[in-house]
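Notes follow once the structure below has been shown.
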Amino acid sequence: MPLSNSQDRQLRERAAAVIPGGMYGHQSTGLLPDDYPQFFAKAKGARLWDVDGHELLDFMCAYGPNLMGYADESIDAAYVSRMRQGDTMTGPSALIVELAETMTAMVTHADWAIFCKNGGDATQIALMTARAHTGRKTVILAKGAYHGALPWCTPRPTGATPEERANRFFCDYNDIASLEAAVAAAGDDLAAIFAAPVKHDAFVDQALPDPAYARRTRELCDQTGALLVVDDVRAGLRIARDCSWATLGVQPDLSSWGKCFANGHPISALLGSEKARKAASQIYTTGSFWYQAAPMAAALETLKRVRETDYLEHMEGLGERLRSGLAERAAAAGIGLRQTGPVTMPLFLFDDDPDLRQGFLWSSQMLARGVYVHPWHNMFLCAAMTSADIDQALDAAEASFAVVKAERPALGPVAKLSFLLA
Ligand SMILES: *Cc1c(COP(=O)(O)O)cnc(C)c1O
C-alpha cells in the first residue's frame, strides 16, 4: 500500500506556482516514482523523515553529502560553535589555513587548496587553472560523466551557448583507444583531461577504473603537458582517505572535492600539485561565501573522523553485506539484478528493463517498506548505518522482489522518463 502523502502533495502544488517546473535539478518532477516524497522534515543518522512523517532508511545520503550520518553531534557542534563566533566575515578565519594544511596532508598529490562552495565551482576552477597553466583551451571528458551544472558541462544544454560548450572532446570511460583518439584530435591545444574516479554515470552500469586506463591518462598528460584532473566530488572519501585514483598508483595534478568532506555543510575544494600552483594563483576566482568559517570547522571535524576511525572499512563491510544479500535474494526470486559500482556507492539495474519499469516498481515497493533507494542514480552508504539497517533493507528487498516478479508481466512504461533515456 502506498504511503499517505497529503502534506507533500500540498507543497508540490504550492511549489508548482512559485518554483519553475515545480522543482529543479536532481529532484525535478518526474525523475522518481510518483509516490516518492519531494519534501523532508528532518534527518538523523542514516534516516530521513518526510513531511508526512514517514521514517525512511536513506540510501541517497543527500546525493552524497551525508558521510558520517545526518545531524552528527560533534560535527554540528563544531559548526554551530564557529558560526556563533563569526562565519561570513570580511576575510577568512584562521581555519582556512588549518583546513588547507589538513587536506594537503591527507591527499598525496596535493600541495595547495582553494575552497569554494559547490562541486561545480571546483571543477570550473580546475578547468581555468589548466587553461592558465597550458595557455590552451581543449578539455577531454568521458562521455556521460557528470562534472556539475555549469554551462560548459551541464548534461542538458538548454540555455548554454555552443561557444560555452566548445573546446571539448569526448572519450569512452576505460577505453584507451578512444582516449588516445581524443588526445590526437585535440592536437597541440590540450589543456586538461578530466577523469571520473569511477564511472558513476546515471542510467547505466557503473564501472571501476581500469588501472591501465588510469596510467595511460597520466602518461598522455605528461606527454602533452596537459593537466590531469580527477573529479572526486562524488566518490571522494568513499573509496579512499586520499584521492580515489591514488589507490591505482596514479596521481593527478588537480582534484576536485565537495559533497561530503564537511558532512553536508556547504564547502568544496580544488586541490593541486606544485606544478599547477602558479596558474592557480593567476586566475581570479571567489564568491561571497567562500571564506565562511563554520563549514571549515565542520570539515576539520569530519576529516578528523576520517583519519581516526574505521568509518570507511565499516561502510565497506556494510556494502558487501548489502551486495551479497541482495544477490542471494534476487537470485532466489528469479530476478536478474545487476549491482555495480564500489560497494559504498552501489547502483542497481534490473535485466531486461530498458525503460526502468521494474526498477521504478521495486523502488516504490522499497519506499513503502521504509527504505529510500534510487532507480537509476548511484546510491551512497554512510558511516551511521548499521548491519541491522542493512538487514532491514534486505527484508524489504525480498518482499519487493516478490511484487516485481508477480506484477512484471502487466507493467506499463514509466511515463516521464522517456525524454531522459532517449
Ligand atoms: C555533484 C558532482 C559535481 C557538482 O557538484 P555540485 O556541488 O552539485 O556543484 C561535480 N562532479 C561530480 C562527480 C559530482 O558528483
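Just so you know, ligand 1 is whichever comes first in the structure, and atom 1 is the first atom listed for that ligand.
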**Study point:** Within the 4.0 Å heavy-atom sphere of ligand 1, strictly under, residues
**Key:** Asn118, Gly119, Gly120, Tyr146, His147, Gly148, His200, Asp231, Val233, Arg234, Lys259
Review point. Hey, is Asp8 close enough to Arg12 for a salt bridge, meaning N to O under 4.0 Å?
Key: yes
**Study point:** Within 6.0 angstrom of Lys44 NZ, more than 12 heavy atoms from elsewhere
**Key:** yes
Exercise for review: Start with the C-alpha distance between Asp391 and Arg321, add both sets of side-chain angles, then the distance that settles salt bridge (charged side-chain N to carboxylate O under 4.0 Å, His left out), and finish with yes or no.
Suggested key: CA-CA 9 Å; Asp391 293 346; Arg321 186 185 185 98; 2.9 Å; yes
Practice item. Determine, stepwise, if the pair Phe401 / Trp362 fulfils ring pair (Phe, Tyr, Trp, His ring centres under 6.0 Å). Key: CA-CA 7 Å; Phe401 285 140; Trp362 187 75; 5.3 Å; yes
**Study point:** Separation of Asp222 CG from Asp253 CG (nearest 0.5 Å)
**Key:** 7.5 Å
Study note, to complete from the structure: Here the gap from Thr154 atom OG1 to Arg165 atom CZ, rounded to the nearest 0.5 Å, amounts to 6.5 Å
